[in-house]
Structure formats: structure tokens, C-alpha cells
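Let me begin by presenting the structure, written as C-alpha cells, before commenting on it.
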There are 2 protein chains.
Amino acid sequence: MQLPSVLLENAVNEFARLPGIGKKTALRLVLHLLKQDATDVQQFGAAITKMRTEIKFCRRCHNVADTDLCTICASASRKQNMICVVESLRDVIAIETTQQYNGIYHVLGGVISPLDGIGPDQLNIEPFLQRVQKEQPEEIIFALNPTIQGDTTIYYIQKKLTPAVVRITTIARGIAFGGELEYADEMTLARSLANRLPVENYVANR
Amino acid sequence: MQLPSVLLENAVNEFARLPGIGKKTALRLVLHLLKQDATDVQQFGAAITKMRTEIKFCRRCHNVADTDLCTICASASRKQNMICVVESLRDVIAIETTQQYNGIYHVLGGVISPLDGIGPDQLNIEPFLQRVQKEQPEEIIFALNPTIQGDTTIYYIQKKLTPAVVRITTIARGIAFGGELEYADEMTLARSLANRLPVENYVANR
């Protein structure tokens with residue numbers, strides 16, 4: 001692609017570095033911005049730069065935050081004795097969007113994966129153990145992705161937890177709502193059979 | 001979607017205002033930027049703002065430019081007596097990418113379309129007529145999209161051109177390379193029959 005302006009080319013190249021955005025899409029976005037008011041475009045540039053330079057990570061749960069403590073940790077209406085352990089910020093957002101969880105979080109920043117060179121020391125596991133020691137939560141819910149790495153991480157942390165924690169749970173794994181038995185993999189189907197629920201619970205949860 | 005940070009939310013909202021980018025994609029892009037170096041993200045923000053505030057339009061052909069005159073108009077290796085009339089910057093880029101054209105351009109900024117309230121006065125037609133008067137080009141090539149509006153615009157401009165211009169042409173319309181006769185619309189097929197080429201020309205152009 002031959003662009004007649006260096007300024008245009010720089011902007012297109014920057015957009016094209018984003019994941020899933022090729023040169024043609026980048027050009028389309030840049031030409032769109034070229035038609036917008038200069039103040040709107042300045043606001044766009046500023047919002048992105050500001051986000052990256054000013055965002056903090058909550059000192060308690062390692063979630064993103066505008067101040068030292070994230071809005072969830074600082075909220076008086078959330079149960080402070082129930083911690084949901086997740087892999088990443090993306091999972092916090094997914095759970096928050098359900099509007100069904102009223103506790104607080106701990107973001108690990110990944111899962112133990114020796115093949116990728118990620119051990120417990122690269123994750124926020126030690127801060128979590130200290131936090132549990134200090135806060136003495138009543139329940140810890142593991143909401144990690146159902147993979148070998150996720151399960152390893154749960155096993156590792158659970159072994160290190162002092163017996164002070166009353167309940168340690170993990171989110172249910174089973175056939176997804178709207179899914180079909182026939183197409184579920186054996187592992188999922190086997191687990192959902194092993195962890196079957198009394199029908200009255202199922203109806204109550206609907 | 002519930003986001004735990006206002007900074008994050010602002011950045012996501014700005015991305016989501018771009019065409020074809022929804023909230024989920026915007027979040028994915030912002031989380032990607034969050035993982036990049038702060039200097040890279042600042043560079044991204046700056047490139048976009050700079051593009052919008054500093055870009056100029058060539059005073060001769062109305063193409064985008066970094067200075068008063070665009071690189072194409074300023075180039076000594078381009079034929080300055082052959083002007084290709086296009087609708088938009090996007091068309092300049094498309095033609096430049098073929099690397100087959102060695103003349104200069106004139107960007108109209110649209111085509112005459114009374115239904116959309118676009119008359120000759122909203123376009124760079126008057127500046128084009130003055131330019132032709134002054135520069136006395138040897139050939140004018142119309143490369144407008146083959147629509148009723150495009151044809152109207154060609155007709156309008158052509159009527160206003162002084163007889164000084166030696167050649168006025170338009171890009172060939174016909175069956176696209178790799179296309180099939182069977183699926184071509186009647187108009188295209190009829191025109192490509194009317195404007196048939198001697199086979200020796202066709203072979204020479206390959």
C-alpha cells in the first residue's frame with residue numbers, strides 16, 4: 001500500500017500493530033479519524049495514553065484501579081470475606097458482567113504453566129497467601145479456566161492454604177447452558193455426571 | 001459490561017466509537033495496549049493526534065499532504081501534464097498501489113449527488129477547472145466509481161472543460177479479471193461489448 005503522507009502512514013502503522021487489525025482496516029480507521037473533529041481525535045489519543053500511564057493495580061487484589069485500591073475492594077456493599085481467585089482482569093470483567101457475584105477478587109496474572117516457563121513465583125500467589133493469612137476470608141472461590149494448568153494452580157494454592165479458611169470452592173464445570181450432550185467432550189460429561197445436582201437445587205437456581 | 005476503572009472505560013469507549021469496533025473488540029485492544037510499554041502507547045496516541053492536527057491538504061490536487069504540496073505533485077519523476085480525477089483519497093491509494101500510473105491527481109472529495117444534497121459547489125470542481133485552465137494538461141483521466149453519480153460528475157465536468165485539453169478519457173469498464181460473463185450485470189456486459197478491444201491490444205496489456 002502506497003500512502004501519500006508520512007503522518008498518515010505512521011498512524012496506519014500504529015493501528016496495524018494492534019491484534020487482529022491489518023493494514024486495510026488500519027487505513028479505514030485512520031481515514032475515519034481524519035474526518036472527525038480535531039478535538040475528538042485529541043481526546044481519543046489522550047484517553048489511550050492516560051489509560052496506560054495513569055492506571056494502577058489494586059494493592060490488595062491486583063485488579064486494575066484508578067487509585068491504590070480498586071472500586072470493588074473499596075466498595076462497602078461487597079462481601080469482604082469472600083474472595084474469587086481469577087487468572088486475569090478479563091475474567092473479573094466477565095464475572096462482574098453477570099451481576100451475580102457480590103464478593104471481592106484476587107487476580108493471579110496467569111496460571112502455573114511450566115512449559116511456558118511460568119512458575120508460582122511469576123504469579124501473584126505469594127501475595128494471595130499473605131492476604132488470606134491477614135484477612136481470614138470465609139470462602140475462597142477458584143474461577144480459573146478449566147485446563148490442566150488451571151487445575152494445577154488450584155491444587156498448588158489449595159495445598160499452601162492454612163486450614164483457617166472455612167470453605168474452598170471452584171465454579172461448577174459441566175454442560176454449558178444451551179449446549180448438547182452429544183457434542184460435549186468426555187471429560188466435561190464425566191465431570192458433570194460425577195458432580196450431579198439434586199433437581200430441587202437446579203430448579204432453585206434458574 | 002462492567003469495568004472496574006474509569007480510565008479503562010474511557011479508553012474502551014473511545015475505541016468503540018470507531019467504525020466496525022464493538023465494546024468487546026475495544027476491550028481486547030485496550031487490554032493489549034495495557035500490556036505494552038508506556039512509551040509505545042504514548043507513541044500510538046501521539047501518532048494519531050499528530051496525524052489529525054498536522055495533516056494538510058495539497059493546495060494543487062487536494063490529496064492529503066505533510067506540507068503545502070503533496071509528495072505526488074512535488075515529485076519530479078511524475079508526468080505533470082496528465083491528471084487523474086478521483087473521488088477520494090482512498091482511490092488515490094488504490095491507484096498508487098497498482099504502481100501503474102505515473103501522472104498526478106485531482107481529488108474531488110465526492111461526486112455530484114443531488115439526492116444527498118451534494119452539488120458541484122460542495123466538491124473541488126471549480127478549483128479543478130481553474131487548475132486545468134492554468135496548467136493546460138495534455139490528458140485528463142476520469143477514475144470515478146461506475147455509478148450514475150460518477151457518470152453525472154464526468155458529464156458535468158467534461159461540459160465545462162475548455163477545448164484546450166487534448167485528451168479526456170475514463171478508465172475502462174468491463175468484466176473484472178477473474179470474473180465470469182454469466183454473472184456480470186447487463187450494463188457492464190453491454191458496455192464491455194460496445195468498448196471491445198482489438199486482441200493485439202489486449203495481449204500487449206497483459
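Proteins come first, then strands; the chains are lettered A, B, ... in the order of their sequence lines, and each starts at number 1. What you are looking at is a predicted structure, and each value in this text was computed from that prediction instead of being measured. Values reported hereafter were calculated over all heavy atoms of this structure, with side chains retained and with hydrogens, waters and symmetry mates removed.
- For residues 95-103 of chain A, a heavy-atom distance under 4.5 Å to chain B picks out A:Glu96, A:Thr97, A:Gln99, given by residue number.
- Taking both residues in full, the closest heavy atoms of B:Ser5 and A:Ile55 are given as OG-CD1, 3.7 Å, listed atom of the first, atom of the second, then distance.
- Using a 4.5 Å cut-off between heavy atoms, B:Val30 contacts chain A through both its backbone and its side chain.
- You'll find the side chain of A:Asp40 reaches within 4.5 Å of the side chain of B:Arg17, heavy atoms only.
- With respect to chain B, the highest number of heavy-atom pairs below 4.5 Å among A:Ile72, A:Thr25, A:Asn63 belongs to A:Asn63.
- Between B:Ile21 and A:Leu29, the closest heavy-atom pair is CD1-CD1, 4.0 Å.
- The shortest heavy-atom contact between B:Leu34 and A:Met51 is CD1-SD, 3.6 Å.
- Contact annotation for residues 115-122 of chain B against chain A (heavy-atom separation below 4.5 Å): no residues qualify.
- Per-residue heavy-atom pair counts under 4.5 Å with chain A were compared for B:Val12, B:Asn10, B:Leu33, and the maximum is reached by B:Leu33.
- By number of non-hydrogen pairs under 4.5 angstrom with chain A, the leading residue of B:Lys50, B:Arg90, B:Arg52 is B:Arg52.
- With a threshold of 4.5 angstrom between heavy atoms, A:Asp37 approaches chain B through N, CA, C or O but not through any side-chain atom.
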- Task: Tell me, with the steps shown, if A:Ile48 and B:Phe15 meet side-chain contact (heavy atoms from CB on, under 4.5 Å).
- Result: CA-CA 9 Å; A:Ile48 289 157; B:Phe15 264 111; 3.7 Å; yes
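- No side-chain heavy atom of A:Thr49 sits under 4.5 Å from any side-chain heavy atom of B:Phe44.
- Listed options B:Pro19, B:Ala47, B:Ala11 were ranked by heavy-atom pairs under 4.5 angstrom with chain A; first place goes to B:Pro19.
- Counting all heavy atoms, side chain and backbone alike, B:Thr53 lies closest to A:Ala38 at CG2-CB, 4.4 Å.
- Looking at A:Leu31 and B:Ser88, their side chains never come closer than 4.5 Å, going by heavy atoms from C-beta outward.
- Looking at A:Val64 and B:Leu3, their side chains never come closer than 4.5 Å, going by heavy atoms from C-beta outward.
- Highest contact tally toward chain A, considering only B:Thr71, B:Asp66, B:Thr67, is held by B:Asp66 [criterion: heavy-atom pairs under 4.5 Å].
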